[in-house]
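Starting from 1, each residue takes its place in the sequence as its number.
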Amino acid sequence: MSCPLCASTSIHERHQVKTYTYMTCRACGVSFIAPFPTASQIEAWYSSKDYFALDEGNTGYTDYMALESGLQRTFVRRNRLLGDARFWNGKKLLEIGCAFGFYADALKPIPNLEYTGIDLNGHAIDVLKQKGFRGIHGDINSIPAKPDYDIAAFFDVLEHVPDPSVFLQAIHARLKDDGQLLFTTPSTRSFLAGISGPKWVSYIVPHHILLYEPTGLTRLLKASGFARVRILTDFQWVSLSFLNERVANLVGAFKGLTRHFKAMEDKGKGILVPVTNGQMLVIAGKN
Ligand SMILES: [Zn+2]
């Protein structure tokens, strides 16, 4: 077996998760799932309407829906990293892997922002368009390869991408000279990954195929043409019921509380709390 990113054979077993094994490459730092899926398997996952079904149990997507109430605040913090309201006014933004457009919803208050979302999932794009946003069904190559965008953003996407260098270079080609990248991806070096072991919420099999740590990710971005890479700890604003469910999954003793918090939220008395989600928040410049 060799590393799908750098082809090194210097790899070691990291964690066993269900019937899969996460391996870590000593050369480039990436962790990858074994067995590694084929391109046609991956294509089938994301074009299927089932990927967005709510009954899938422990998929990243179910979690995404549960987080919806806190998403606006989460995205506002992320956006602020690139600039203030004046910076955002009039920008042209491309979101890759936009799903149902939660980020687009959060961007709505920004004046003159031109949003385009792309996704491999046709059903998600239909929903996005019904909400009045510009959407394209396809991958990054469905967008003309010319420097057209001020901002490229993608959240919870890179860990699903089998050929990240190709993906990042394609985005690089579509950014203007002063264009910027904004994204999140889980960090295997995060505190949460450390304390959670094989139960880490980002070990989502079989969909999370490549997981990064800051040093290797910085190297990958620079090799793909990007500069001025900054990696920060991401925070998400989540409801107490959501947070408690996560804690209960780890330690088991708190299960009853989730229902209590849920009842409060149903009465409109919920509160949002910022939690570290074990993700890196990354910004980088085209040049
Ligand atoms: Zn490697």
Side-chain angles (χ1 to χ4, degrees), residues 46 71-72 74-122 124-185 212 217-218 220-232 234 279-287:
Y46 302 121
L71 275 173
Q72 175 78 26
T74 302
F75 284 129
V76 165
R77 176 184 180 260
R78 291 172 181 172
N79 286 349
R80 216 177 282 142
L81 276 177
L82 289 189
D84 57 11
R86 218 173 35 190
F87 165 85
W88 281 84
N89 191 332
K91 290 288 192 282
K92 207 170 162 183
L93 181 144
L94 176 66
E95 185 188 12
I96 303 107
C98 60
F100 290 157
F102 296 124
Y103 185 46
D105 291 334
L107 293 170
K108 245 182 183 165
I110 301 174
N112 311 313
L113 184 86
E114 201 185 300
Y115 173 93
T116 304
I118 61 171
D119 204 288
L120 292 173
N121 194 281
I125 289 296
D126 289 344
V127 174
L128 183 80
K129 285 181 172 167
Q130 277 159 24
K131 294 203 293 191
F133 298 108
R134 184 198 314 250
I136 296 169
H137 177 208
D139 64 12
I140 184 74
N141 294 308
S142 315
I143 309 270
K146 53 178 197 215
D148 227 9
Y149 292 91
D150 299 293
I151 301 157
F154 50 92
F155 304 103
D156 316 308
V157 167
L158 195 63
E159 58 274 23
H160 300 263
V161 174
D163 44 8
S165 311
V166 174
F167 176 73
L168 290 168
Q169 284 168 41
I171 293 170
H172 191 270
R174 286 156 178 82
L175 280 172
K176 293 178 185 170
D177 281 347
D178 58 353
Q180 295 194 74
L181 195 61
L182 174 69
F183 71 93
T184 57
T185 195
Y212 301 86
L217 182 61
T218 303
L220 173 68
L221 283 161
K222 289 186 172 168
S224 307
F226 288 95
R228 294 178 288 121
V229 178
R230 274 177 67 200
I231 299 184
L232 298 100
D234 191 37
Q279 297 224 58
M280 297 178 268
L281 177 57
V282 186
I283 56 174
K286 168 156 179 166
N287 290 303

Heavy-atom pair of closest approach, residues [X] and [Y]:
| X | Y | value |
| --- | --- | --- |
| His137 | Gly122 | NE2-N, 3.4 Å |
| Ala124 | Ala99 | CB-O, 3.4 Å |
| Asp119 | Gly97 | OD2-C, 3.3 Å |
| Gly135 | Leu128 | CA-CD2, 3.6 Å |
| Tyr46 | Asn121 | O-ND2, 2.9 Å |
| Ser142 | Gly138 | OG-CA, 3.3 Å |

Lys131 NZ/CZ over Phe102 ring centroid, <6.0 Å and within 45° of normal: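 Lys131 over Phe102 ring: yes.
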Mind checking the [atom1]-[atom2] spacing from [X] to [Y]? Nearest 0.5 Å is all I need.
| X | Y | atom1 | atom2 | result |
| --- | --- | --- | --- | --- |
| Met280 | Tyr212 | CE | OH | 9.0 Å |
| Gln180 | Lys286 | CD | NZ | 12.5 Å |
| Leu182 | Leu93 | CG | CG | 8.0 Å |
| Leu120 | Asp139 | CG | CG | 6.0 Å |
| Phe226 | Leu175 | CZ | CG | 5.5 Å |
| Thr184 | Gln279 | OG1 | CD | 4.5 Å |

Just wondering, do [Y] and [X] contact through their side chains at under 4.5 Å, heavy atoms?
| X | Y | answer |
| --- | --- | --- |
| Leu221 | Phe183 | yes |
| Ile151 | Trp88 | yes |
| His172 | Leu181 | no |
| Asp105 | Gln72 | no |

Whether Phe75 and Tyr103 hold their rings parallel, tilted or perpendicular, with breakpoints at 30° and 60°: tilted
Backbone N/O of Phe87 and side chain of Asp84: donor-acceptor pair under 3.5 Å: yes
Residue of the set Lys92, Lys176, Lys91 for which salt bridge (Lys or Arg N to Asp or Glu O under 4.0 Å) holds with Asp150: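 Checked Lys92, Lys176, Lys91 against Asp150; only one passes salt bridge (Lys or Arg N to Asp or Glu O under 4.0 Å): Lys176.
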Residue pair Val161, Val166: steps toward the side chain to side chain contact (heavy atoms under 4.5 Å, CB included) verdict: CA-CA 10 Å; Val161 174; Val166 174; over 6 Å; no
Residues that Thr185 engages under side-chain hydrogen bond (donor to acceptor under 3.5 Å, both in side chains), provided they are two or more places apart: Glu159
Identify every side-chain donor-acceptor pair in residues 106-118 under 3.5 Å, counting partners at least two apart or on other chains, and give the distances.
| unit_1 | atom_1 | unit_2 | atom_2 | d |
| --- | --- | --- | --- | --- |
| Asn112 | ND2 | Asn89 | OD1 | 2.8 |
| Tyr115 | OH | Glu95 | OE1 | 2.6 |
| Thr116 | OG1 | Arg134 | NE | 3.4 |

Other residues, nucleotides, ligands: >12 heavy atoms within 6.0 Å of Arg228 CZ: yes
Residue pair Ile140, Leu94: steps toward the side chain to side chain contact (heavy atoms under 4.5 Å, CB included) verdict: CA-CA 10 Å; Ile140 184 74; Leu94 176 66; 3.9 Å; yes
Residue pair Lys129, Ile136: steps toward the side chain to side chain contact (heavy atoms under 4.5 Å, CB included) verdict: CA-CA 9 Å; Lys129 285 181 172 167; Ile136 296 169; over 6 Å; no
